[in-house]
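First up is the structure itself, then whatever we jot down about it.
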Amino acid sequence: MANDSNKFQAIISHCKEYGFIFPSSEIYDGLSAVYDYGQYGSELKKNIRDYWWKWMTQLHENIVGIDAAIFMHPTTWKASGHVDNFSDPMIDNKDSKKRYRVDHLIEAHAETLPKEEGEALLAKMDQFLAKEDFGGLKSFIEENKIKCSVSGTCNWTDVRQFNLMFSTEFGAVSGEGDDNMVYLRPETAQGIFVNFLNVQKTGRMKIPFGIAQVGKAFRNEIVARQFIFRMREFEQMEMQFFIRPGTQKQWYEYWKEERMKWHLSLGIPASRYRFHDHVKLAHYADAACDIEYDFPIGFKEVEGIHSRTDFDLRNHQEYSKKKMQYFDNETDEAGKPYGNYIPYVIETSIGLDRTVMMVLSEAYEEQDLSSPEKQDSRVVLKFPPKLSPVKLAILPLMKKDGLPEIARQLMDECKASFRCFYEEKDTIGKRYRRQDAIGTPFCVTIDHQSKEDGTVTIRHRDSMLQERISIRDVKELVEKSIQ
Ligand code: ATP
């Protein structure tokens, strides 16, 4: 088994070799922190997206989904605070000219220290960040002799803020200043906020209720070298839950627990997760935490849960001059009507690509299958069957004697219900290995006995056990496993 940093590299190579993820526009040497999903990666990503969507919208009766545009009126981003606040403190090394996000620079240094010392360093950094004391941060970096990994020197510029939004021009006319400039959305949440009343009124939604959305977001990340963990174009799965003011603590706890249930339902053990409470809160939040997963590169955020108060709706009301209020006709314990108010919001925000990375990290296994007679090994992706890109591989043992016909018939019976893969070439052993490498939970082999008694060999990916079952039972067996 590869060690953890090797494992990360091994996963990246595996993703490329088996059609999961390619660097974007690779023939032109790629584009930094932008990736394309291949034939199996796009299936895996879609299955995760669908699973999240179903769990959030279908299983929670008070949550509905929308699909808002990526382009939004530019004032949206003034109201949301992104124009003024969506920035990261950066520092440049004067010798190498390399630019770092300050928190990443200090975190990388902390990892080289003994545990307690590293933690103390991070706690101190959090204090500077919370106070936005950038002068203090620079001195802190110098005092701790934190060096640039390229030049090896401690020759730093001042710490500066860098806005992460991409902008572009809108319409046919260009070069007319800021008037026709739009941003590529840096989060999907604002598409939900601006549609809050549209959905509430047309859906006759009663508080508490949620609006979910999946879509692309764009951030001009400075340090972007962690494969699909940190991309410049990525996908978010977000849900805004609208509640009565004053109930935010209770709903925040509810969503922390509920989202963790979703993670555990992927079959990932609880020990691989932890909550990380934020010390420095974003400009819109009164409480926030991350769900962190133990990636091969260490525990890192995969999802954020934020108590966003009424910050967004209140600001949209102010900037748009349109009322963002909800009329609550219920009464409190004293019999007093709640009446009109701007709802508070709890947000759950998970990165789809980071979830793909998490699912891949959890599933990837290198196994030594050597026996005294021969050396052997395999790479297997132990995905939960519901997330596997291909559910069933149908493999006739030979290309003759009527075996392909039986296999094709099974293929026709199953392919409308779930993704199947048909293959006649190579030895059965090689075909099994290729399916292990893309995480196919079941392979079915059709042989001469199948012609006689209508049975096939079904092989289970994880145990590699094979059993003989009736060809008529194959479809149901696969369907049960992916429910
Ligand atoms: P980080 O601290 O890692 O930059 P964040 O706290 O800025 O993340 P949020 O704004 O809370 O992230 O976004 C919600 C989720 O979107 C994150 O938990 C993450 O899964 C995903 N996400 C954010 N930025 C990126 C990115 N550049 N590439 C891929 N996924 C991302």
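Indexing begins at 1, ligand by ligand and atom by atom, following the structure's order.
Closest to atom 14 (C) of ligand 1, if we only count protein heavy atoms, is Ser349 OG, 2.9 Å. Here the protein heavy atom with the shortest distance to atom 7 (O) of ligand 1 is Arg219 NH1, 3.1 Å. The nearest protein atom to atom 19 (C) of ligand 1, hydrogens excluded, is given as Arg354 NH1, 3.5 Å; this is a heavy-atom distance. Atom 21 (C) of ligand 1 has its closest protein heavy atom at Gly351 CA, 3.6 Å. Counting protein heavy atoms only, atom 30 (N) of ligand 1 is closest to Phe234 CD1, 3.4 Å.
When Glu347, Glu253, Glu238, Glu303 are each tested for a salt bridge (charged side-chain N to carboxylate O under 4.0 Å, His left out) with Arg259, only one passes: Glu303.
Note: Tyr326 and Phe209 have tilted aromatic rings, judged against thresholds of 30 and 60 degrees for the angle between ring planes.
Judged by distance alone, with hydrogens and angles left aside, the side-chain atoms of Arg461 form no donor-acceptor pair with the main-chain N or O of Pro385 at under 3.5 Å. Checking side-chain atoms of Arg232 against main-chain N and O of Glu221 turns up a donor-acceptor pair under 3.5 Å.
When the options His306, Glu303, Lys300, His104 are ranked by their closest heavy atom to atom 11 (O) of ligand 1, first place goes to His306. Among Glu301, Met358, Glu233, the residue whose heavy atom lies nearest to atom 18 (O) of ligand 1 is Glu301. Closest heavy-atom approach to atom 16 (O) of ligand 1 within the set Met231, Arg230, Gln236, Glu292: this belongs to Gln236.
Using a 4.0 Å cutoff on heavy atoms, Glu187 does not count as a contact of ligand 1.
Minimum interatomic distance between Trp262 and Trp52 (heavy atoms only, all atoms of both residues): NE1-CA, 3.8 Å.
A donor atom on one side chain and an acceptor atom on the other are not found under 3.5 Å apart for Tyr273 and Asp294. Between the side chains of Asn315 and Ser80, not a single donor N or O lies within less than 3.5 Å of an accepting N or O.
In the vicinity of Glu221, heavy-atom distances shorter than 4.0 Å reach the ligand 1 atoms 24 (N), 26 (C), 27 (N). Atoms of ligand 1 lying under 4.0 Å from any heavy atom of Phe229, numbered from 1 in the order shown and given with element: 28 (N), 29 (C), 30 (N).
To the nearest 0.5 Å, the span separating CD on Glu61 from CD on Gln58 amounts to 10.5 Å.
The proximity of Arg101 to ligand 1, defined as any non-hydrogen pair under 4.0 Å, is limited to the side chain.
For ligand 1, the polar-atom distance check finds an N/O of Val302 within less than 3.5 Å of one of the ligand's N/O atoms. On a distance-only criterion, Glu238 and ligand 1 share no N/O pair closer than 3.5 Å.
With salt bridges taken as basic N to acidic carboxylate O contacts below 4.0 Å, none links Arg378 and Glu365.
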